[in-house]
Amino acid sequence: MRLCDFLTPNENQKEKPLERFVPNGGFCGIFRKIACIGDSLSSGEFESLINGVKGYHDYYDYSWGQFLARDAGCTVYNFSRGGMTAKEYCTGFADSQNFWSPEYIAQAYILALGVNDVSTVLNGEIDFGSAEDANLEDYKNNKPTFAGYYAQIIQRYQKMQPKAKFFLMTMPRSEEEPKRKELYDAHAVLVNDFSQIFEHCYVLDFRKYVPLYDSEFRKNFYVGGHLSAAGYRLTAWMVETYIDYIIRHHQEDFKQIGFVGTAYYNESEPW
C-alpha cells in the first residue's frame, strides 16, 4: 500500500476529477448524512411511453443519491422531485415536505438544480439573475431570480448547519440549442461564483469534466428524455468520484467532518 494512492502527492497534482472511479464511494463515506437537492435527474425518474402517452415516474431507489448511499454506507436524503426549480423549492416544496426540519440536517448537501430553471427563464417566467442577487445579510432579501432562490437554499441550510459542506453541480454538456447552451454556461459561472462567496462550497463541474451527452451516450444511458437505471448508476459513480477527488485535494477542510452535527470540535485543527 502507498499513501499516495489515497492522497494527492506532488507527482499527481495534475490529476483530473474523473480519471478513475473510486470503490465503495471513496471518501464520500466520511459523511454519515447527505442531502441531494434537485429535480427529476436527482429523483431516479423514468419516462414511460404507452399508446403514445408519456408518463414520468420518480423511482427514488434508482436515484444516483441512493446508489451513492449504498456504495458509501451513508444515509442520503432525496430532497428532490421531477420538475423541481429553485423557486418552487424555496416557496413551497421544501416547506410542504418538512425539508427545513432539524431532523433532516445533513453534513453535506449536493445541489443539482438548473435544468427546469433554465426552461422557466427561456419561457420568460423568471430572470436568471447573478450572484449579486444574494443578500449576504438576510436571504429573505434575495432578489426573486433563479440566482436569488438558488443562493437562498445554500444560505438557509448553512444557517441550520454552518459547518456542513456544499457541492454545487454544473450541468453536463449535451447537444443543446444555442440559447439553452448560453444559459447552461451562465449556470456554470454562477455556481463557481457562489463557491467563492459562500464558505464550505465546492463545485462538481460536470460541464467541464463529464463526457458529452451525445447520441451515443443517450443510446446507452437514456430511456426517452431521462436517464435509464444504468445512467443513474453511472451518475452516482461520477458524483462520488468527484467528491472523493475534492476531499483528497482539500484534506484539511474535511478533518473535522465527524464533529459536524455535534457540540464538539478540535480547536487545534482547521474548521
Side-chain angles (χ1 to χ4, degrees), residues 5-6 8 12 14-31 34-46 58-80 82 84 106-115 118 165-176 184-185 187-188 191-192 195 201-223 225-250 254:
D5 290 335
F6 303 97
T8 308
N12 201 27
K14 294 182 180 180
E15 175 196 10
K16 298 297 188 297
L18 298 176
E19 285 187 6
R20 56 184 178 85
F21 284 170
V22 295
N24 304 316
F27 279 116
C28 281
I30 68 174
F31 303 114
I34 299 173
C36 298
I37 301 165
D39 48 36
S40 60
L41 297 177
S42 298
S43 305
E45 183 164 296
F46 296 136
D58 287 343
Y59 285 93
Y60 292 101
D61 201 40
Y62 278 98
S63 68
W64 53 260
Q66 294 311 313
F67 279 117
L68 187 159
R70 292 188 286 271
D71 287 343
C74 55
T75 297
V76 175
Y77 301 126
N78 286 102
F79 289 0
S80 61
M84 188 55 53
Q107 293 171 305
Y109 294 83
I110 304 173
L111 272 69
L113 286 168
V115 174
V118 164
K165 306 300 182 181
F166 287 76
F167 300 96
L168 316 180
M169 188 184 297
T170 66
M171 288 175 280
R173 293 171 298 119
S174 60
E175 296 163 331
E176 304 135 3
Y184 280 8
D185 290 341
H187 176 276
V191 162
N192 277 277
S195 75
C201 284
Y202 309 85
V203 177
L204 303 180
D205 200 345
F206 274 35
R207 195 149 189 83
K208 184 174 182 179
Y209 292 110
V210 166
L212 177 69
Y213 284 21
D214 57 11
S215 58
E216 184 67 16
F217 185 95
R218 290 177 177 276
K219 183 176 76 172
N220 287 281
F221 296 110
Y222 268 69
V223 174
H226 288 77
L227 291 169
S228 65
Y232 290 118
R233 167 73 274 189
L234 176 64
T235 303
W237 280 326
M238 293 191 290
V239 170
E240 58 202 42
T241 294
Y242 208 134
I243 292 176
D244 173 89
Y245 167 88
I246 289 172
I247 294 171
R248 287 188 292 105
H249 282 71
H250 301 85
F254 296 87

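Quantities reported herein were computed from a predicted structural model and do not represent experimental measurements. Numbers for residues simply follow the sequence, beginning at 1.
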Does a side-chain N-to-carboxylate-O contact under 4.0 Å join Arg233 and Asp71?
yes

Under 3.5 Å, side chain of Asn192 to main-chain N/O of Ala188, donor-acceptor pair present?
yes

Could you check whether Arg70 makes a cation-pi contact with Phe67, meaning its NZ or CZ is under 6.0 Å from the centre of the six-membered ring and within 45° of the ring axis?
yes

Which residues satisfy the side-chain hydrogen bond (donor to acceptor under 3.5 Å, both in side chains) test with Gln66, sequence neighbours excluded?
Asn78

Distance in Å, Thr75 OG1 paired with Gln107 CD, rounded so as to fall on 0.5 Å steps
10.0 Å

Cationic N near anionic O, under 4.0 Å, Glu176 to Arg207:
yes

On a heavy-atom basis, the closest approach of Met169 and Ile110 is CE-CG2, 4.1 Å

Do the non-hydrogen side-chain atoms of Glu175 and Tyr213 ever get within less than 4.5 Å of each other?
no

Between Phe221 and Arg218, is any pair of side-chain heavy atoms under 4.5 Å apart?
no

Would you say that more than 12 heavy atoms from the other residues, nucleotides or ligands in this model lie under 6.0 Å from the OH of Tyr59, or not?
no

Check whether any side-chain heavy atom of Met171 sits under 4.5 Å from a side-chain heavy atom of Val118, and report yes or no.
yes

CD of Glu15 to CZ of Arg20: how many Å apart, nearest 0.5 Å?
6.0 Å

Is the shortest side-chain heavy-atom distance between Tyr232 and Leu41 below 4.5 Å?
yes

Validation row: Phe31, Ile243 side chains within 4.5 angstrom (heavy atoms):
yes

Are Cys36 and Tyr77 close enough that some pair of their side-chain heavy atoms sits under 4.5 Å apart?
no

In this structure, which one of Leu113, Val203, Leu204 forms a side chain to side chain contact (heavy atoms under 4.5 Å, CB included) with Val191?
Val203

Before you tell me yes or no, could you show the steps for Val223 and Phe46 under side-chain contact (heavy atoms from CB on, under 4.5 Å), namely the whole-Å CA-CA distance, both residues' side-chain angles and the distance that decides it to 0.1 Å?
CA-CA 7 Å; Val223 174; Phe46 296 136; 5.8 Å; no

Taking side chain as C-beta onward, heavy atoms only, is Ser174 less than 4.5 Å from Phe217?
no

Those residues that, when tested against Tyr202, pass ring pair (Phe, Tyr, Trp, His ring centres under 6.0 Å) (two or more places apart):
Phe167, His250, Phe254

In terms of relative ring orientation, are Tyr242 and Tyr209 parallel, tilted or perpendicular, with 30° and 60° separating the classes?
perpendicular

Of all the heavy-atom pairs spanning Ser43 and Ser80, show the shortest one and how long it is.
OG-OG, 2.8 Å

So which heavy atom on Leu168 is nearest to which on Ser195, and how close?
CD1-N, 4.2 Å

To the nearest 0.5 Å, atom OG of Ser228 lies from atom OH of Tyr62 at 10.5 Å

Would Val115 and Tyr184 satisfy side-chain contact (heavy atoms from CB on, under 4.5 Å), going step by step from the backbone distance to the final call?
CA-CA 8 Å; Val115 174; Tyr184 280 8; 3.7 Å; yes

Taken to the nearest 0.5 Å, the spacing of Asp244 CG from Phe21 CZ works out to 12.0 Å

Do Arg173 side-chain atoms and Val210 backbone N/O form a donor-acceptor pair below 3.5 Å?
yes

Heavy-atom pair of closest approach, residues Ala112 and Ser42
CB-OG, 3.6 Å

To the nearest 0.5 Å, what is the distance between CZ on Phe27 and CD1 on Ile247?
7.5 Å

Quick check: closest heavy atoms across Cys28 and Ile34, and the distance to 0.1 Å?
O-CD1, 4.5 Å

Cys74 vs Leu68, side-chain contact (heavy atoms from CB on, under 4.5 Å): CA-CA, chis, key distance, verdict
CA-CA 8 Å; Cys74 55; Leu68 187 159; 3.9 Å; yes

Mind checking whether Ile37 and Met84 have side chains closer than 4.5 Å, heavy atoms only?
no

Work out which heavy atom in Ala106 is nearest to a heavy atom in Ala35; give both atom names and the distance.
CB-N, 3.9 Å

